[in-house]
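Quick note on labels: first sequence line is chain A, next is B, and so on, each numbered from 1. Hydrogens, waters and symmetry mates are skipped; everything else that's a heavy atom, side chains included, is used.
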Amino acid sequence: MTDMTVDPAKAEADRLFRRKRLVSFGIPAVILAYLTYIFFAFDLPGLVQRANWGNAVTLASDIWSHKVHVTRNNRSGEIAFAIEGERKGAYPEGRRPEWVSGSEDKGLTVDLGEGRKVRLLPGKRTEIVLPGFQTIEVAAQGRSLDSNLPEELPKWISASNRRIAVTLPGARVTLTGARTEVFRYFTGWELFWFTLDSPYHGHSLGEILFGDRIDPERGNIAGALSDWWNNPMWRHKDVAWAIGETVLMAFLGTFGAAILALPLAFLAARRFSPLMLVRAATRRVFDFLRGVDALIWTVVLSRAFGPGPLTGSLAILLTDTGTFGKLFSEALENLDGKQIEGVASTGAKPVQTYRFGVIPQVMPILLAQVLYWLESNTRSATIIGAITGGGIGLMLTQAIQTQKDWEEVAYYVVLIVLMVMLMDWLSGWLRGKLIGGRA
Amino acid sequence: MHAHGEIGRIQASYMAEVRRKRLYGGLTLLLFTVLMVAGFVIVDERSAGGFWDGLHRLDDYMSEVVAEAWQRRAELPGLIAKYFPALVETVNIAAVSTLLGVLGGLVLSLLSTRRLARWPRLIPLFRRLSDIMRALPEIVIALMLIFVMGGGPVPAVIAIAIHTAGALGKLFSEVAENADLKPVEGLASTGANWSQQMILGVLSQVAPNYISYGLLRFEINVRASAILGFVGAGGIGYELRNAMSWGPGRFAEAAAIFVLLFGTIVFFDQLSSRMRNRLTEGEGQ
């Protein structure tokens with residue numbers, strides 16, 4: 001008797017368990033199969049071979065260090081000292097790094113640490129002294145090089161009769177017929193505050209703030225600020241402008257979209273727009289604007305408005321008009337009708353009904369959504385700027401494309417992250433102020 | 001007489017309040033308008049082409065593209081078929097990065113939720129970590145990885161996955177804060193370890209919400225993956241850039257890619273919103 005009632009229940013439970021088992025093993029199996037397909041579709045085995053680990057090492061070490069170059073032009077015999085080998089980072093006439101000794105006409109010795117030395121000798125000759133290895137002697141003859149290097153070379157030397165490169169720990173020597181270049185790595189972002197031609201280089205913060213006047217022409221603080229702001233190497237002024245431009249793109253795009261979307265949202269909401277045709281048409285416009293996506297808008301608009309922040313603002317504006325239109329019209333549909341009726345019952349005209357019955361109800365919701373998107377759009381503006389050429393996105397892509405200014409890339413990345421976090425915090429704070437205050 | 005004066009005073013103070021409120025509202029509106037106008041002027045000045053000239057050029061460009069695409073309309077189906085594999089790659093990038101991002105976000109969220117975290121003292125660390133991952137635009141990581149790995153889908157996957165993990169980490173953790181702790185305690189009393197408690201006690205509660213957020217993220221990632229293609233990460237974005245740089249004569253290709261990308265975005269938007277609706281309805285039952 002009891003068996004009869006238990007059996008169906010047990011069968012039911014068994015079926016349930018079988019289904020659960022199938023699901024809990026089936027879903028991971030499907031995901032695993034998909035990942036296996038991706039493994040081959042994305043050619044992961046080939047990627048390991050294609051990847052350039054040398055680049056990875058350059059990137060990782062360049063982010064937190066800088067190079068000081070000593071370069072001899074073999075044609076003119078001139079020797080230049082410059083940070084990162086750039087003109088902007090050049091040592092002024094008569095100054096040079098303290099690990100360089102000797103004189104230019106008798107031969108210059110560049111100390112690379114741990115007994116390793118490079119001698120730049122007259123007559124386009126170069127000697128590289130390496131304890132534990134031989135001393136390499138190279139002489140430039142027109143475009144080719146004569147050297148005493150043996151046939152069998154260790155991995156850290158690459159040599160042909162046109163070019164010899166010696167990679168040492170923390171340094172590198174490159175020789176060609178035209179020039180001899182030595183550089184040493186040092187930790188830190190050199191010249192971040194002042195370039196070498198600024199009188200404030202090498203002075204501490206205390207000396208600048210409280211010490212004697214360094215540059216007789218200018219006050220210390222004003223002069224130091226101006227030299228830092230106009231630093232040609234790190235371009236703090238341009239970076240600040242670029243960040244401002246990116247934030248501006250996000251601001252104009254987001255709020256412009258909100259202004260455009262608000263009236264359109266009324267047309268798309270059932271409560272306010274009795275005509276089905278108008279509603280459907282407005283909604284399709286929203287779907288279209290959203291579906292085309294910021295990428296296509298950017299590409300199309302950049303044809304018309306050229307590179308610059310205008311294209312970015314308009315691309316964000318168009319995409320977000322669609323997004324906001326959809327969100328706003330949903331908010332309008334979910335309104336509480338009682339408030340509107342109440343205002344209307346006092347004899348208010350339609351405009352007054354909207355002003356006092358609708359707007360106070362939806363404003364907090366709409367503002368919260370707009371502010372939430374403002375933060376997300378700051379990130380989008382960075383990306384759009386990289387595509388169309390404006391703001392910090394442009395500076396970032398330019399720095400990455402040179403493939404050597406990785407410390408600048410790191411600087412920009414830090415600033416971008418701070419910028420987005422600040423916007424996130426700001427939008428959260430404003431949301432709390434505007435909406436929390438009402439509740 | 002006395003009552004009349006009282007009402008008069010109340011009215012006067014009420015009107016003063018209204019006037020002050022209007023003044024503040026008006027000032028805020030004025031400030032906002034000034035910011036918008038000034039912003040627009042600055043942006044207009046710093047751009048290569050002005051706004052009003054640009055409008056004409058936009059019109060010319062669009063009509064040119066449409067005219068050429070219309071003229072070569074017979075080729076469009078063929079072109080769409082030609083670019084379809086690139087589209088599949090874009091969608092694959094989005095799908096894989098969403099999968100990885102959901103996993104990463106899951107771990108991050110559980111590690112940074114009060115009462116659930118494995119190491120409660122490290123909660124601030126994991127929160128800051130997900131803040132930073134969330135703030136990093138995909139393009140930054142993608143471009144750096146392209147330098148190391150060369151172009152292709154993998155840098156895009158990693159870049160999008162990092163951002164997704166950060167974004168989902170925050171959302172997931174908000175959901176997990178509200179999870180019922182009784183199942184976790186029950187599991188702990190049977191001697192289950194931390195990962196067992198999380199998987200059996202927490203995940204089964206929050207799964208509908210998590211899946212819904214994951215689907216929303218997938219929608220966003222399809223767009224992101226198309227954009228990253230444009231900077232060299234493969235897929236339909238890459239094809240779009242090629243078609244664009246050829247200029248006139250290749251507008252039919254560009255139009256075909258526009259159509260494909262638009263269709264895909266709308267399709268996945270609809271699909272994901274339908275699935276999310278089903279998930280939230282299922283939760284109510």
Side-chain angles (χ1 to χ4, degrees), chain A residues 31 34-35 38 41-44 47 50-53 55-56 59 245 248-249 251-252 255-256 259 287-288 290-296 299-301 303-313 379-380 382-384 386-387 390 393 396-397 400 403 409 412-413 416-421 424, chain B residues 32 35-36 39-40 42-44 46-51 53-62 65 88-89 92-93 95-96 99 131-132 134-140 143-144 147-150 152-154 157 163 223-224 226-227 230-231 237 240-241 244 254 258 261-263 265-266 269:
Chain A
I31 291 177
Y34 178 67
L35 288 180
I38 287 299
F42 286 1
D43 190 24
L44 284 178
L47 183 86
R50 266 183 289 128
N52 186 340
W53 300 115
N55 278 353
L59 196 156
E245 223 173 75
L248 196 59
M249 272 196 251
F251 173 78
L252 282 182
F255 284 100
I259 291 169
D287 286 346
F288 176 75
R290 245 156 37 88
V292 169
D293 192 44
L295 171 66
I296 300 181
V299 166
V300 170
L301 290 171
R303 281 289 160 137
F305 299 103
L310 188 60
T311 308
S313 322
R379 220 174 318 103
S380 308
T382 314
I383 297 174
I384 290 174
I387 296 172
L396 183 80
T397 39
I400 289 179
Q403 303 205 340
V409 173
Y412 301 154
V413 169
I416 290 171
V417 168
L418 287 180
M419 170 183 80
V420 176
M421 285 169 116
D424 190 15
Chain B
F32 178 72
L35 273 179
M36 285 295 282
F40 179 77
I42 293 176
V43 157
D44 199 36
R46 288 178 73 86
S47 290
F51 179 70
D53 298 341
L55 277 186
H56 290 289
R57 281 199 296 273
L58 183 65
D59 199 33
D60 293 348
Y61 177 66
M62 297 276 252
V65 171
V88 171
E89 186 171 54
N92 273 337
I93 291 173
V96 177
L99 263 177
D131 282 349
I132 290 173
R134 196 156 44 95
L136 269 176
E138 293 99 344
I139 206 161
V140 173
L143 284 174
M144 286 168 113
F147 174 64
V148 175
M149 299 183 178
V154 179
V157 167
H163 175 69
R223 294 163 187 257
I227 288 186
F230 205 82
V231 298
L240 177 63
R241 186 174 63 179
M244 292 302 298
F258 285 164
L261 196 52
F262 176 70
I265 287 172
V266 171
D269 270 17

By side chain to side chain contact (heavy atoms under 4.5 Å, CB included) - contacts of A/Leu418 (at least two apart): A/Val414
Need one label for B/Leu35: side chain, backbone, both or neither, based on atoms under 4.5 Å from any heavy atom in chain A. both
Contacting region of B/His56 [heavy-atom separation from chain A under 4.5 Å]: neither
What's the spacing between B/Phe40 CZ and A/Leu248 CG if we round to 0.5 Å? 11.0 Å
Contact part of A/Ile384 toward chain B, heavy-atom cut-off under 4.5 Å: side chain, backbone, both or neither? neither
In terms of heavy-atom pairs under 4.5 Å with chain A, which of B/Asn92, B/Ile93, B/Leu136 leads? B/Asn92
When A/Arg50, A/Met249, A/Arg290 are compared by non-hydrogen pairs under 4.5 Å with chain B, the top option: A/Arg290
Non-hydrogen atoms of chain A under 4.5 Å away: do they reach the side chain of B/Tyr61, the backbone, both or neither? side chain
Select, from A/Gly291, A/Ala51, A/Gly308, the one with the greatest count of heavy-atom pairs under 4.5 Å involving chain B. A/Gly291
Pairs of heavy atoms under 4.5 Å with chain A: top-ranked of B/Arg223, B/Met149, B/Met144, B/Arg57: B/Arg223
Quick check on A/Val413 against chain B: is it the side chain, the backbone, both or neither that has a heavy atom closer than 4.5 Å? side chain
Per-residue contact mode, B/Val140 against chain A (heavy atom under 4.5 angstrom): both
Contact class of B/Ile265 relative to chain A, heavy atoms under 4.5 angstrom: side chain
Among the options A/Leu396, A/Ile416, A/Leu44, A/Leu59, pick out the one with the most heavy-atom pairs lying under 4.5 Å from chain B. A/Leu59
Looking at side-chain heavy atoms only, is the closest gap between A/Thr397 and B/Val231 below 4.5 Å? no
State, to 0.1 Å, how close B/Val43 and A/Pro309 come at their nearest heavy-atom pair, and which atoms those are. CG1-C, 3.7 Å
Tell me, for A/Asp43 versus chain B, whether the close heavy atoms (under 4.5 Å) come from the side chain, the backbone, both or neither. neither
Per-residue contact mode, B/Leu99 against chain A (heavy atom under 4.5 angstrom): side chain
Report the distance from atom CG of A/Asp293 to atom CZ of B/Phe262, rounding to the nearest 0.5 Å. 11.0 Å
Ignoring hydrogens and geometry, is there a side-chain-to-backbone donor-acceptor pair from A/Arg303 to B/Met244 under 3.5 Å? yes
Considering only heavy atoms from C-beta outward, does the side chain of B/Val266 approach that of A/Asp287 to under 4.5 Å? no
Report which part of B/Met62 has an atom under 4.5 Å of a heavy atom belonging to chain A: side chain, backbone, both, or neither. side chain
Any idea which heavy atoms bring A/Ala304 and B/Gly54 closest together, and the distance? CB-O, 3.3 Å
Region of B/Val65 in contact with chain A, defined by heavy-atom distances below 4.5 Å: neither
Closest heavy-atom pair, A/Val300 versus B/Leu58, reported as atoms and distance to 0.1 Å, is CG1-CD1, 3.8 Å
Calculate, to the nearest 0.5 Å, the distance between atoms CD1 and CG belonging to A/Ile296 and B/Leu261 respectively. 4.0 Å
Part of B/Asp269 within contact of chain A (heavy atom distance under 4.5 Å): side chain
Okay, B/Arg134 and chain A: the region with an atom under 4.5 Å from a heavy atom over there is both
Where B/Ala135 and A/Met421 come nearest, the two heavy atoms and their spacing: CB-CG, 3.9 Å
Of the listed residues (A/Val417, A/Leu252, A/Asn52), which shares the most heavy-atom pairs with chain B below a 4.5 Å separation? A/Leu252
Answer key: most heavy-atom pairs under 4.5 Å with chain B among A/Ile31, A/Thr382, A/Thr311, A/Val299 is A/Val299
Contacting moiety of A/Leu310, where chain B heavy atoms sit under 4.5 Å: both
Interface check, chain B: of A/Ile400, A/Leu35, A/Val409, most non-hydrogen pairs under 4.5 Å belong to A/Ile400
If one checks every heavy atom of A/Ile383 against chain B at 4.5 Å, the contacting part turns out to be both
Parallel, tilted or perpendicular: which fits the ring planes of A/Phe305 and B/Phe51, with parallel below 30° and perpendicular above 60°? parallel
Student check: side-chain heavy atoms of B/Val96 and A/Tyr34 closer than 4.5 Å: yes
Residue list, ring-ring contact (aromatic ring centres under 6.0 Å, His included) with B/Phe230, at least two apart or on another chain: none
